[in-house]
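To start, the structure itself, in structure tokens.
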Amino acid sequence: MSKSKATLSITERLLLDFIKYKTNNNHKFFMGNDKIAMALGLTVNSAKVMINGLIREGYLIKSMDTHGIKSMDTHGRRMLELTDKPYLTIACVDLSNVDKRIILQEALNFQRDAEYYQKQYEFEKARADRLLTELTQLKLSNISLNP
């Protein structure tokens, strides 16, 4: 049984509106489930289930090439397209905020990664300094043993 316009969840409608927003001016939509989940505040599995449901219900299709083979972009990412199947949009949502949320989350992730790598660098530098000190001591003890 297929869903009517009124039975799509708000999140499903938001995803469809987000894809429409991102594909404006004939851009391709190739976000992975992880980015979609981040954008909409979902788990990756929930995003996957929702996308597959919208494909099954005829709201989305995976892009196909002229031979009917699933089309991927040059980086191997899946591309989704909206169909002409009507649904009630969520007109009051500023979808540019979704992009901002993704960018903010990625900036926080990069900051966290930078802090981690800085700590790793400091740890490895201290280890290298310690090894250099030990090597110097070994050389000095070797010199004292061989006059």
Side-chain angles (χ1 to χ4, degrees), residues 1-140:
M1 182 194 313
S2 84
K3 296 180 179 183
S4 69
K5 285 195 244 182
T7 61
L8 285 176
S9 73
I10 290 174
T11 309
E12 288 170 325
R13 293 168 37 207
L14 180 60
L15 173 60
L16 294 173
D17 283 348
F18 183 62
I19 292 172
K20 186 185 292 184
Y21 168 76
K22 295 297 283 183
T23 58
N24 192 16
N25 299 321
N26 293 328
H27 290 101
K28 299 289 184 188
F29 186 83
F30 52 82
M31 271 187 178
N33 294 341
D34 57 334
K35 297 289 184 188
I36 292 170
M38 185 188 310
L40 302 180
L42 304 170
T43 65
V44 175
N45 193 49
S46 295
K48 179 181 175 182
V49 168
M50 184 170 54
I51 290 165
N52 288 336
L54 290 169
I55 290 170
R56 228 179 359 268
E57 296 297 329
Y59 291 96
L60 291 175
I61 58 170
K62 291 181 184 176
S63 295
M64 301 285 183
D65 66 13
T66 54
H67 304 294
I69 299 171
K70 285 184 210 168
S71 183
M72 301 278 193
D73 74 354
T74 56
H75 302 289
R77 298 176 294 196
R78 154 205 79 194
M79 291 186 286
L80 295 172
E81 292 180 44
L82 292 171
T83 64
D84 292 331
K85 189 169 182 175
Y87 69 96
L88 295 174
T89 65
I90 304 175
C92 61
V93 176
D94 180 7
L95 293 171
S96 65
N97 287 334
V98 174
D99 281 338
K100 291 174 190 170
R101 184 179 335 150
I102 293 171
I103 291 168
L104 178 60
Q105 184 60 50
E106 287 184 341
L108 291 172
N109 290 344
F110 288 137
Q111 180 64 35
R112 189 175 53 241
D113 289 349
E115 290 168 2
Y116 169 79
Y117 289 120
Q118 178 66 34
K119 288 178 185 174
Q120 285 299 107
Y121 168 77
E122 290 168 3
F123 172 76
E124 293 299 331
K125 185 172 181 334
R127 183 172 179 260
D129 291 345
R130 189 182 76 248
L131 289 172
L132 182 61
T133 301
E134 290 175 8
L135 180 63
T136 303
Q137 289 172 351
L138 283 172
K139 285 180 180 178
L140 290 174

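The analysis underlying the following values was restricted to heavy atoms, covering all of them including side chains, and did not include hydrogens, waters or symmetry mates.
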*Flag yes if more than 12 heavy atoms outside Ile10 fall under 6.0 Å of its CD1 atom; otherwise flag no.*
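No, not enclosed.
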Euclidean distance, [Y] [atom2] relative to [X] [atom1], rounded to 0.5 Å:
X      : Y      : atom1 : atom2 : result
Gln120 : Asp113 : CD    : CG    : 11.5 Å
Met79  : Ile61  : CE    : CD1   : 11.0 Å
Leu80  : Leu15  : CG    : CG    : 8.0 Å
Leu138 : Thr133 : CG    : OG1   : 11.0 Å
Leu16  : Ile51  : CG    : CD1   : 10.0 Å
Asn52  : Glu57  : CG    : CD    : 11.5 Å

Minimum heavy-atom distance [X]-[Y], with the two atoms named:
X     : Y     : answer
Arg78 : Lys62 : CD-CE, 4.3 Å
Val44 : Asp34 : CG2-CA, 3.9 Å
Thr23 : Phe29 : CG2-CB, 3.5 Å
Arg13 : Thr89 : NH2-O, 3.7 Å
Ala47 : Asn33 : CB-O, 3.8 Å

Does a side-chain heavy-atom distance below 4.5 Å link [X] with [Y]?
X      : Y      : result
Tyr87  : Lys20  : yes
Arg127 : Glu124 : yes
Leu88  : Leu8   : no

_Verdict with supporting geometry, Tyr59 and Glu12, side-chain contact (heavy atoms from CB on, under 4.5 Å)_ = CA-CA 10 Å; Tyr59 291 96; Glu12 288 170 325; over 6 Å; no
*Lys125/Asp129 salt bridge by N-O under 4.0 Å criterion*: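 Looking at Asp129 and Lys125, the cut-off is met.
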_Looking at Glu134 and Arg130, is there a salt bridge between them, counting it only when a charged N and a carboxylate O are closer than 4.0 Å?_
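Between Glu134 and Arg130 there is a salt bridge, with a charged N closer than 4.0 Å to a carboxylate O.
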*Applying side-chain contact (heavy atoms from CB on, under 4.5 Å), run through Ile19 and Ile36 and close with a yes or a no.*
CA-CA 10 Å; Ile19 292 172; Ile36 292 170; 5.8 Å; no
*side-chain contact (heavy atoms from CB on, under 4.5 Å) between Leu60 and Leu82, worked out*: CA-CA 5 Å; Leu60 291 175; Leu82 292 171; 3.6 Å; yes
